[in-house]
Amino acid sequence: MFGCLVAGRLVQTDVQQVAEDKFVFNLPDYETANHVVVFMLGTVPFPGGMGGAVYFSYPDPSGLPVWQLLGFITNEKPSAIFKITGLKSGEGGQHPFGMMSIPQTPSVAQVGVSIEPLEQLVQQTPVASATVSTVDSFTQFTQKMMDSLYNFSSSFAVTQAQMTPNPSEMFIPASVILKWYENFQRRMVQNPNFWKS
């Protein structure tokens, strides 16, 4: 039902089913891995209204696994990439694996998939450092810059009745800034590199 790819080196499809709705992959040599990809094989879809919460567990010195939520996969989004380099051993949260006795050797990390209702999946908060940004930093910067310009210029907005005549200043209607903002956003969505031409 699931597969797991670790940093381009190791593809696993031999998932261990530890409960009716819980699956675990063992990840030897996890220390050098930056990302993991969890994907559906396409052989068995999730039941209607269900998806898979994806968890990561570092080997813990205490011997108990510490699970961290990475995100989720669904029939509509059958794969996801998660960054694991920023995760820390021992910093886990609430998880559905409970006190299950899942064998874990000290040098092997684990990825777990828990089948859960979609309404529950969208309300969960994954570990922030596990999310791989789908927007490049230039696009993020441009969006923030546009927001900042619009918010800054809007903070000086006055009505025409409030304006005091000053022949040495030029005034730009707020509607013009808003139109620029909307046009620039539209062009960025269509082609983030439009400004290069």
Side-chain angles (χ1 to χ4, degrees), residues 1-137 139-140 143:
M1 184 170 184
F2 305 109
C4 182
L5 171 67
V6 181
R9 299 181 313 228
L10 177 66
V11 176
Q12 289 189 24
T13 56
D14 58 334
V15 66
Q16 178 185 0
Q17 188 168 1
V18 294
E20 183 180 338
D21 58 350
K22 309 233 179 335
F23 303 84
V24 173
F25 290 97
N26 290 315
L27 306 178
D29 303 324
Y30 69 93
E31 295 93 349
T32 58
N34 294 324
H35 296 82
V36 294
V37 179
V38 177
F39 56 93
M40 297 178 66
L41 297 175
T43 54
V44 180
F46 285 112
M50 303 295 274
V54 179
Y55 292 85
F56 183 78
S57 175
Y58 271 109
D60 192 65
S62 70
L64 297 173
V66 178
W67 294 93
Q68 300 173 59
L69 178 64
L70 300 179
F72 62 90
I73 56 175
T74 65
N75 290 334
E76 291 74 33
K77 183 185 158 217
S79 65
I81 302 171
F82 303 106
K83 182 177 176 184
I84 60 171
T85 49
L87 302 179
K88 300 286 184 256
S89 179
E91 295 178 8
Q94 195 173 18
H95 60 84
F97 291 93
M99 297 307 282
M100 298 176 78
S101 58
I102 303 169
Q104 183 176 29
T105 49
S107 62
V108 176
Q110 294 179 316
V111 170
V113 179
S114 173
I115 299 175
E116 300 172 8
L118 291 174
E119 307 86 53
Q120 185 177 328
L121 291 176
V122 297
Q123 294 176 10
Q124 297 174 350
T125 305
V127 176
S129 60
T131 309
V132 176
S133 176
T134 56
V135 180
D136 66 67
S137 59
T139 304
Q140 285 179 325
Q143 183 66 46

Compare every heavy atom of [Y] with every heavy atom of [X], then report the nearest pair and how far apart it is.
{"X": "Ala80", "Y": "Phe72", "answer": "CB-O, 4.3 Å"}
{"X": "Ser114", "Y": "Tyr55", "answer": "CB-CE1, 4.3 Å"}
{"X": "Gly71", "Y": "Pro126", "answer": "N-CB, 4.0 Å"}

Is the closest side-chain heavy-atom distance between [X] and [Y] below 4.5 Å?
{"X": "Ser57", "Y": "Gln68", "value": "no"}
{"X": "Met1", "Y": "Ile115", "value": "yes"}
{"X": "Asn75", "Y": "Met40", "value": "yes"}
{"X": "Leu70", "Y": "Val36", "value": "yes"}
{"X": "His35", "Y": "Val37", "value": "no"}

Original post:
Looking at Leu69, Leu27, Val38, which hits side chain to side chain contact (heavy atoms under 4.5 Å, CB included) with Phe56?
Top reply: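 Going through the options one by one, the only one that passes is Leu27.
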Original post:
Under 3.5 Å, is there a donor-acceptor pair between the side chain of Gln120 and the main chain of Gln123?
Top reply: no
Hey, could you give me the [atom1]/[atom2] distance between [X] and [Y], rounded to the nearest 0.5 Å?
{"X": "Ile73", "Y": "Phe39", "atom1": "CD1", "atom2": "CZ", "answer": "9.5 Å"}
{"X": "Lys22", "Y": "Gln16", "atom1": "NZ", "atom2": "CD", "answer": "14.0 Å"}
{"X": "Glu119", "Y": "Gln124", "atom1": "CD", "atom2": "CD", "answer": "11.5 Å"}

Original post:
Taking the inter-plane angle between the rings of Phe23 and Phe2 on a 0 to 90° scale, is it parallel (under 30°), tilted (30 to 60°) or perpendicular (over 60°)?
Top reply: perpendicular
Subject >> Intermediate values then yes/no, side-chain contact (heavy atoms from CB on, under 4.5 Å), Val15 and Val113 >> reply: CA-CA 10 Å; Val15 66; Val113 179; over 6 Å; no
